[in-house]
Amino acid sequence: MNAGPARHVPAKDITREQAIAILKPSLGKDLRAIAEQYGVTVWKNGRKNKGWAGMTVEQMLGHPQDAAQAPDFGTWELKVVPIVRNAQGHWQVKETMAITMIDPKNVAETPFEHSHLLDKLRALLVCAREWKSDRDDESRLVKLGAFDLADGETFRQVQADYETVQRTIRADGAKALTGWMGHLVQPRTKGPGHGVHTHAFYARTSFVARMLKLTDAD
DNA sequence: CTATGATCATCC
DNA sequence: GGATGATCATAG
């Protein structure tokens, strides 16, 4: 069973296709400038709001920020990831992509088919932004990638990764989780830091590249 | 405190 | 340079 409460779905949830239509005209535009327009904090007291780009794109889609552990737009999930040019001049995913928190009790007793992980991966819109430096003085929106976890092979691999996490928690507890587990999706620490040791599922960069359909032609 | 939005810092 | 573990701002 899914321990998460059912999410109230506001009428203003837009479809992924609508979101793509809204964002497409902004391809090539500087998200940092747009962040300023919306009043999204990027730096504060010399420290960065690491989520500024994601919050900015949410604002562009008219989405209020919340902390519900459910897909942002009811039926699909929005993500923003940084990409960089490699030595060959091709785009490359810079970071793994955090997907959702691991509640050990929930994961231990919830089959993959009813998991928060699958909820979030079933339908995604992955937005790639150009990363130039940690100051993020400018960052262009580069690519929009629609991805659905429906393909049999990939689905099975993600399910296997999930079940690895599940078995580990059941046998040794969440403390035994480590980033080297999982082929497409890994468990890794995530949280407020400073002694708090919680975990989340992350999509490895290779998986994110597949979601974005990045190739050596890009 | 836990979730959201994520990327930073460090070690190999 | 890549991968793992740690951490930042914000909201309920």
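Heavy-atom basis, side chains included; hydrogens, waters and symmetry copies ignored. This one's a predicted model, so the numbers in the text were calculated from it and none came from an experiment.
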_A:Lys94 side chain near B:dT7 phosphate (N/O to OP1/OP2, under 4.0 Å)_ = no
*Measure from CD on A:Glu58 to C1' on C:dA11 and round the result to the nearest Å.*
11 Å
*asked:* By the 4.0 Å heavy-atom rule, please label A:Trp180 as base, sugar-phosphate, or nothing.
replied: sugar-phosphate
*Gap between atoms CD and P, on A:Gln88 and C:dG1 respectively (whole Å)*: 11 Å
*Looking for any heavy atom pair under 4.0 Å, which part of the strands does A:Arg47 touch: base, sugar-phosphate only, or nothing?*
sugar-phosphate
*asked:* So that I can tick it off, tell me whether A:Lys175 and A:Asp172 are bridged by a salt bridge, with the cut-off set at under 4.0 angstrom between side-chain N and carboxylate O.
replied: no
_Side chains of A:Gln159 and A:Glu163, donor plus acceptor under 3.5 Å_ = yes
*Distance in angstrom units between A:Leu125 CG and B:dG5 P, rounded*: 13 Å
_Measure CG/A:Asp136 against P/C:dA9 and give the value in whole Å, please._
15 Å
*asked:* How about CZ on A:Arg156, more than 12 heavy atoms from neighbouring residues, nucleotides or ligands closer than 6.0 Å, or not?
replied: no
*Take atom NZ of A:Lys48 and atom P of B:dA9, then tell me their distance rounded to the nearest Å.*
9 Å
*Please state whether the base of B:dG5 and the side chain of A:Lys190 form at least one donor-acceptor pair under 3.5 Å?*
yes
*With respect to the side chain of A:Arg188, which nucleotide from C:dT4, B:dT2, C:dT10 is positioned closest?*
C:dT4
*hbond_proxy A:Thr41 side chain to C:dA9 base (donor-acceptor, 3.5 Å cutoff)*: no
*asked:* Need one value for A:Glu77: base, sugar-phosphate or nothing, where a base atom within 4.0 Å counts as base even if backbone is also close, heavy atoms only.
replied: sugar-phosphate
*Whole-Å distance between C:dT7 P and A:Glu95 CD?*
16 Å
*Quick one: does A:Arg129's side chain get under 4.5 Å of A:Asp136's, heavy atoms only?*
yes
*So, is A:Thr100 near the phosphate of B:dT4, with a side-chain N or O under 4.0 Å from OP1 or OP2?*
yes
*Can you check whether A:His63 has a side-chain N or O nearer than 4.0 Å to OP1 or OP2 of B:dT4?*
no
*Rounded distance (Å) that lies between atom P of C:dA9 and atom NZ of A:Lys50*: 9 Å
*Out of B:dG5, B:dC8, B:dA6, which nucleotide sits closest to the side chain of A:Ala98?*
B:dA6
*asked:* Pick the closest DNA chain C nucleotide for A:Gly191 and for A:Thr205 by heavy atoms, then say which residue is nearer the 5' end.
replied: A:Thr205
*asked:* Rounding to an integer number of Å, can you tell me how far A:Asn49 CG sits from C:dA11 C1'?
replied: 12 Å
_Do the side chains of A:Arg32 and A:Asp30 get close enough for a salt bridge, i.e. N-O under 4.0 angstrom?_
no
*Closest-nucleotide 5' rank along DNA chain C - winner of A:Thr178 and A:Lys44*: A:Thr178
*Report, as yes or no, whether the 6.0 Å neighbourhood of atom NZ on A:Lys213 holds more than 12 heavy atoms from other residues, nucleotides or ligands.*
yes
*Using a 4.0 Å heavy-atom cut-off across all strands, classify A:Gly54 as base, sugar-phosphate, or nothing.*
sugar-phosphate
_Of the listed nucleotides (B:dT2, B:dC8, C:dA6), which one gets closest to any side-chain atom of A:Asp134?_
B:dC8
_Just N and O in the side chain of A:Gln186: are any of them under 4.0 Å from OP1 or OP2 of C:dA3?_
no
*Aromatic plane relationship, A:Phe112 with A:Phe155 - under 30° parallel, 30 to 60° tilted, over 60° perpendicular*: perpendicular
*Base, sugar-phosphate, or nothing: which does A:Val80 touch, judged by heavy atoms less than 4.0 Å apart?*
sugar-phosphate
*asked:* As a test of reading the structure: which of C:dA6, B:dG5, B:dT4 is closest to the side chain of A:His197, going by heavy atoms?
replied: C:dA6
*Checking all strands, does A:Gly179 fall into the base, sugar-phosphate, or nothing category for heavy-atom contacts under 4.0 angstrom?*
sugar-phosphate
*What about A:Tyr202: does its side chain form a donor-acceptor pair under 3.5 Å with the base of B:dA6?*
yes
